[in-house]
Chemist: 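This structure is in structure tokens; I'll ask about it shortly.
Side-chain atoms are counted along with the backbone in the values below, which use heavy atoms only and exclude waters and symmetry mates. Counting from 1, the numbers follow the sequence of the chain as shown. What you see is a predicted model; the values in this text were computed from it and never measured.
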Amino acid sequence: LTDPQWNLAVNRLAACGLVAIHKPNSLQPSLDAHPLVREYFAKQLLEQNPEAWREGHLRLYGHLSGAVPASTPASTATLDEWMPLCRAVFHGCQAGIHQEVKDNVYMRYLRHRGAGVLVRQFGAVSLDLQLLANFFNKPWLAPVLGLDSEFRANVPGMAATRLGSLLRLDDAIHAVRKSVALCSRLPDKKHVALRARHYSELLLLMGEVKQAIKVAEEAVVWSDKSEDISEQIAERSVLAHALHQNGREREAEQRFKEAEVLQQKSGSGPSVLPTLWGFRYCDLLQARHRWAEVFDRTQRLLRYRGRADTFGLGILDKPLYKLAQANCLLNWPGGASPQKLAALSKLFTQAIDGIRSSGKLNLLPLALLGRAEFYLRDCSWDEADRDLAHAELLATGEGGRMRLYQTDILLLRAWSALARAKREEAREFYHEARKLVDKTGYHRRDQELAKLKHGLSYVASRSARSKASRHGTRLPRIP
């Protein structure tokens, strides 16, 4: 083609949206094909010349796998600096060298020391799930046969944690069950303990409290057999949290104390339980009105500076500690001064924004429910309704079915209706919440249901609006 003919052809293709013309300053224009065009020709190449397909991916893998972030330490690298290695995972797996990719790129750099740099530092949950998909013949149940037995057993569970964070709970449950079954055959029992723990957390998220406790107890047994102290800490923390949701506070605190003793014995990280385990322990302490202890713990954790890939502050940790402080301040006895209200508003907003940035959508309703109650205490009805609607969308949307959150939403809606003298509406919410508590085993809320029932009876006996209005009923904490 002559230059005019070439230019005419390119312009026609660009007008149809099949190619894009990039004209960077002071550089020659470059062309990029539409993704569907690339996909079509890639399929053609794979079918007609598979050797060329494999060689092309191998060369791209060889080029990209050497692009290790130059930042020192690597934990200070930006997400853009990690992207070449992420692309290397795709090209290497397309070339069929899954074990090489797993050993020398994914586990060596992207899951350095098991911490998961993409998720812990950047909240890139979806990106990490896309990378894990490359190790499956059929997501998320059939890992590639060429992988070592340990990774093949664990990779469905790794995917399950990401799926759970994205609220794809059906996929997550199937994947983690597969992983538990495969890991039970491995000689090192820390793997089955880890995956059983994840299984318990997913069951609890879906409102299967008694089953979650049973699986968590099994996970503790496996962790003790493994003699891996980090797993022993985690498994006891998960069991404690499940017991707390079942209303068994004393047993829960005992398990948290056991985990914290092991944490101190390990000599790794802070002297109190960190990260999500620490937040959940604070949740129990608040339920027992030990607010000063909660503040002391969260302040110590916020000041702690460890390695960023282990117990240093990850992208999720600080928002969780802020949320614990906000919940504590909301219920701490004392007046509601303008300074306290401003501090609460700031803490809740920081927690919500931080949890959203972490990619952990399964934890976002916690912060939304906390702020909704704050708004209800302040009689900011519209703002409270907005946060409750957002939490409900997450808890009941596609793949949701997070029934403990649904219960909390119903209870807050009941208190809100009672405070606005909508007694019949409040009664309906109460009965729905009562049914969910009985169905799920979420007996942590039994005491609050009793208070709400008393409030409904009191309003009915007085036939008065004022006792449940702006200056009436004090709303109890709904974590």
Side-chain angles (χ1 to χ4, degrees), residues 120 123 201 204-205 233-234 236-238 240-245 249 252-253 255-257 259-260 263 269-306 311-334 336 339-358 360-377 387 391 404-405 408 412 444-445 448 475-479:
R120 181 160 176 77
E201 290 187 290
L204 191 64
L205 193 63
I233 294 167
R236 280 166 172 76
S237 299
V238 166
H241 180 58
L243 290 168
H244 182 202
Q245 306 318 300
E249 289 187 357
E253 184 168 7
R255 289 297 188 172
F256 273 127
K257 286 180 177 178
E260 195 153 85
Q263 170 69 23
S271 59
V272 296
L273 283 176
T275 64
L276 184 59
W277 323 134
F279 170 80
R280 288 172 171 171
Y281 195 6
C282 287
D283 186 30
L284 174 64
L285 294 173
Q286 287 177 60
R288 312 200 82 178
H289 302 166
R290 287 153 63 178
W291 297 295
E293 188 175 345
V294 171
F295 249 92
D296 176 64
R297 285 172 170 275
T298 52
Q299 286 297 99
R300 289 163 67 183
L301 289 167
L302 285 167
R303 288 194 300 265
Y304 183 79
R305 292 293 182 271
F311 289 111
L313 288 177
I315 192 172
L316 176 63
D317 299 330
K318 188 173 181 179
L320 286 178
Y321 303 152
K322 293 288 186 181
L323 179 58
Q325 290 185 338
N327 291 339
C328 184
L329 187 60
L330 181 64
N331 291 279
W332 203 314
Q339 293 81 4
K340 181 178 179 180
L341 293 175
L344 275 168
S345 179
K346 182 178 180 181
L347 284 170
F348 277 123
T349 299
Q350 288 175 336
I352 289 170
D353 292 344
I355 293 174
R356 185 179 287 115
S357 297
S358 76
K360 301 283 188 177
L361 298 182
N362 57 317
L363 297 176
L364 186 55
L366 282 172
L368 290 168
L369 287 167
R371 191 170 69 175
E373 187 187 351
F374 163 66
Y375 285 138
L376 289 176
R377 297 278 186 93
D387 278 349
L404 302 193
Y405 289 143
D408 291 343
L412 269 182
R444 175 185 178 179
R445 298 302 181 211
E448 184 179 341
L475 299 172
R477 172 74 195 120
I478 310 288

Chemist: Determine, stepwise, if the pair L273 / I233 fulfils side chain to side chain contact (heavy atoms under 4.5 Å, CB included).
Modeler: CA-CA 9 Å; L273 283 176; I233 294 167; 3.8 Å; yes

Chemist: Mind listing the closest non-hydrogen atom pair of G370 and L330 along with its distance?
Modeler: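 Heavy atoms of G370 and L330 come nearest at O-CD2, 4.2 Å.
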
Chemist: Could you state the interatomic distance from NE2 (H241) to CG (L284), rounded to the nearest 0.5 Å?
Modeler: 10.5 Å

Chemist: Restricting to non-hydrogen atoms, name the atom on L301 and the atom on P270 that form the minimum distance, rounded to 0.1 Å.
Modeler: CD2-CG, 3.8 Å

Chemist: Could you report the tightest heavy-atom contact between F279 and L320, atom names first, then the distance?
Modeler: CD1-O, 3.2 Å

Chemist: Distance check, rounded to the nearest 0.5 Å: C328 atom SG versus H289 atom NE2?
Modeler: 11.0 Å

Chemist: For F256 and S237, work out which heavy atoms get closest and say how close.
Modeler: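 For F256 and S237, the tightest heavy-atom pair comes out as CE2-O, 3.8 Å.
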
Chemist: For residues L204 and Q245, determine if any side-chain heavy atom of one lies less than 4.5 Å from a side-chain heavy atom of the other.
Modeler: yes

Chemist: Between the side chains of D283 and R280, is the shortest nitrogen-to-carboxylate-oxygen separation below 4.0 Å, so that they form an ion pair?
Modeler: no

Chemist: Are the side chains of R356 and D353 in touch, meaning some heavy atoms are under 4.5 Å apart?
Modeler: yes

Chemist: Check the pair R300 / S271 against side chain to side chain contact (heavy atoms under 4.5 Å, CB included), numbers first and verdict last.
Modeler: CA-CA 9 Å; R300 289 163 67 183; S271 59; 2.7 Å; yes

Chemist: To the nearest 0.5 Å, what is the distance between CG on N331 and CD on Q286?
Modeler: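 Atom-to-atom, N331:CG and Q286:CD are 7.0 Å apart.
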
Chemist: Are the side chains of I355 and L323 in touch, meaning some heavy atoms are under 4.5 Å apart?
Modeler: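 Yes. Closest side-chain heavy atoms under 4.5 Å.
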
Chemist: What is the minimum heavy-atom distance between L344 and A326, and which atoms define it?
Modeler: CD2-O, 3.2 Å

Chemist: Under the side chain to side chain contact (heavy atoms under 4.5 Å, CB included) rule, what do L205 and Y405 come out as? Steps first, then yes or no, please.
Modeler: CA-CA 8 Å; L205 193 63; Y405 289 143; 4.0 Å; yes

Chemist: Would you name the heavy atoms of A351 and P319 that are closest together and state the gap between them?
Modeler: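 Shortest heavy-atom separation between A351 and P319 comes out as CB-O, 3.6 Å.
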
Chemist: Using modelled atom types and a 3.5 Å cut-off, is there a donor and acceptor pairing between side-chain atoms of E249 and backbone atoms of H244?
Modeler: no

Chemist: For a quick check under 3.5 Å, do S345 and R371 share a side-chain donor-acceptor pair by atom type?
Modeler: no

Chemist: Could you check if a side-chain atom of D387 sits within less than 4.5 angstrom of a side-chain atom of L369, using non-hydrogen atoms only?
Modeler: no

Chemist: Would a distance-only check, ignoring hydrogens and angles, find a side-chain to backbone donor-acceptor pair under 3.5 Å from Y321 to T275?
Modeler: yes

Chemist: Do L376 and L412 pass the side chain to side chain contact (heavy atoms under 4.5 Å, CB included) test, and can you show the C-alpha distance, the side-chain angles, and the key distance before you say yes or no?
Modeler: CA-CA 9 Å; L376 289 176; L412 269 182; 3.8 Å; yes

Chemist: Between D317 and G314, is there a donor-acceptor pair closer than 3.5 Å when you use the side chain of the first and the backbone of the second?
Modeler: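 Present.
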
Chemist: Under the salt bridge (Lys or Arg N to Asp or Glu O under 4.0 Å) rule, what do R297 and E260 come out as? Steps first, then yes or no, please.
Modeler: CA-CA 12 Å; R297 285 172 170 275; E260 195 153 85; 2.7 Å; yes

Chemist: Test E253 against R290 for salt bridge (Lys or Arg N to Asp or Glu O under 4.0 Å), laying out the working first.
Modeler: CA-CA 12 Å; E253 184 168 7; R290 287 153 63 178; 2.6 Å; yes

Chemist: Just by distance, do the side chain of K322 and the backbone of F348 share a donor-acceptor pair under 3.5 Å?
Modeler: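 No, the answer is negative, given that no donor and acceptor are paired below the 3.5 Å cut-off.
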
Chemist: With the side chain counted from C-beta on, respond yes when Q325 and L302 share a heavy-atom pair under 4.5 Å apart, and no when they do not.
Modeler: yes

